[in-house]
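Below is one structure, written out as structure tokens; the observations come after it.
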Amino acid sequence: MLLYDGFDINENGHLTVGGYDTLALAEEFGTPLYVMNEDKIRENCRSFLESFGRYNGGMGKVTYASKALNCKAMCRIAAEEGLCLDVVSGGELYTALQAGFPSERIYFHGNNKTPDEIRYALESEIGCFIVDNLEELKLLQSDAAELGKTAVISLRVKPGVDAHTHDFIRTGQIDSKFGFALETGEALDAAKKAALYPNVLLKGLHCHIGSQIFETDPFVLAAERMATLMAEVHQETGITIEELNLGGGFGIKYIETDRPLPPEYYMELIADAIGHVCTHYNLPLPHLVVEPGRAIVGNAGITLYTIGNIKEIPGIRTYVSVDGGMGDNPRYALYKSDYTAVVANKASQPADETVTIAGKCCESGDLIQENTKIQQAEPGDILAVFSTGAYNYSMASNYNRIPRPALVMVKEGKPYLAVRRESYEDLVRNDL
Ligand SMILES: *Cc1c(COP(=O)(O)O)cnc(C)c1O
């Protein structure tokens, strides 16, 4: 009956994750609780890796965009699955290195990397800097020269394709804080500058066109434009671009009407588009890189809450309040994101009550979902919210001094603690 892969209902009518009873998880680890199905994460990693099967003898890289969920356990899983890793801050880099993630497989993103972050990444010998602007390029050259190193780089390009969730725009996204514009010649100029810097090695071109995308057209158009830029860079500088990185943004299922496509579907069309351009310009095929974040972890995660107060406002709506909220999941407050929820201990009953799920923060906008259908709820029930694996833990805050929840992984039918629940002591640890 359930819409979500890796979740089921057992003989007690309880929701299960990777075969493990969510009621037992709530009992054992407390609520609110992030639960990740590790088997599902690994399956997602493999489906991306396998999607390169038909591209240039499988010459592709999957770089997990760790901002979706960055903790040591997740970095270890990505490392074991053979993925590369995107980081966008010194903190994400530190976590990855602490987890033992191989530094040469780390890509460093960001529109405003600080001098300290650049130095830290250079000293850590990461694999690639995705250079956003000329200041960064200059700083990389001078720092790398000082350290006697070569910084391997890709250029972040705005390809003139901006994919939003349900539409995409072909022009006008020069107004973005990320990267060099393609249309104005800025990207090509940056490549020419990079070619002149002795301690910088231009290996790749990169773009990222949006998030939670279900269409293939924007990816194909971006692939064509980026491959054409690759040819121009070759013509103007003599540099053969080895790596073409098309970013992330692959959509996942949050609600019943979401229809995500399997990765190979995108990959086949993208590979075709790049192939055509390369043949036309007589260039070797580059290695293809994609950077899924949400599509690796999103649908592998749920959040468990305990239902508390239920407030029925006659003729208006019913608020079902949970013991978490915008602190552990700010996405509805930020973007009105869709979610599906189920009363985990009544999962086999019909979802025929329309309610608004509210958090416990001192904020009217602290909602998880409005006017959504769940089973008849009572205080003490456990509520599960699906598809919270991406951008929940990683966006969590301590608003109202609420400690952040624990994160549990379920692997081969057994749970283990991956991130401990914060204590009140943790909250005052840096207070003087
Ligand atoms: C956020 C981001 C991603 C991942 O996006 P998803 O929508 O989670 O797949 C990949 N690359 C870059 C540069 C990003 O900023």
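Note that ligands are numbered from 1 as they come in the structure, with each ligand's atoms numbered from 1 the same way.
Within the structure, the closest approach of P292 to ligand 1 falls below 4.0 Å when heavy atoms are considered.
Contact atoms of ligand 1 toward R294: 6 (P), 8 (O), 9 (O) (distance under 4.0 Å to a heavy atom of the residue). Ligand 1 places these atoms under 4.0 Å from at least one heavy atom of H109: 13 (C). Near H206, with a cut-off below 4.0 Å to any heavy atom, the atoms of ligand 1 are 13 (C). Under a 4.0 Å criterion applied to the non-hydrogen atoms of R156, ligand 1 contributes the atoms 13 (C).
In this structure, atom 10 (C) of ligand 1 lies nearest to the protein heavy atom E291 O, 3.2 Å. Nearest protein neighbour of atom 9 (O) of ligand 1, counting heavy atoms only, is G249 N, 2.8 Å. Scanning all protein heavy atoms for the shortest distance to atom 7 (O) of ligand 1 gives S211 OG, 2.4 Å. Nearest non-hydrogen protein atom to atom 14 (C) of ligand 1 is K67 NZ, 2.8 Å. Nearest to atom 8 (O) of ligand 1 among the protein's heavy atoms is Y391 OH, 2.6 Å.
When ring centroids are compared, H208 and H109 stay outside the 6.0 Å threshold.
Heavy-atom neighbours of N282 CG from other residues, nucleotides or ligands within 6.0 Å: at or below the threshold of 12.
A salt bridge links R119 and E146; the closest N-O separation between the charged side-chain nitrogens and carboxylate oxygens is under 4.0 Å. The residues D132 and R156 are annotated as not salt-bridged, no charged nitrogen and carboxylate oxygen being separated by less than 4.0 angstrom. By the 4.0 Å N-to-carboxylate-O rule, K138 lies close enough to E135 to be salt-bridged with it. Taking the charged nitrogens against the carboxylate oxygens, K67 and E92 have no contact shorter than 4.0 Å, which rules out a salt bridge.
Residues I302 and Y4 have side chains not in contact (no heavy-atom distance under 4.5 Å, counting atoms from C-beta outward).
Of all the heavy atoms of H208, the ones lying under 4.0 Å from any atom of ligand 1 belong exclusively to the side chain.
Ring orientation note: the planes of Y393 and Y34 are nearly perpendicular, at an angle over 60° on the 30°/60° scale.
Cation-pi geometry between K113 and F129 is not satisfied (NZ or CZ under 6.0 Å from the ring centre, within 45° of the ring normal).
Not one N or O of A295 is nearer than 3.5 Å to an N or O of ligand 1, by distance alone. On a distance-only criterion, A65 and ligand 1 share no N/O pair closer than 3.5 Å.
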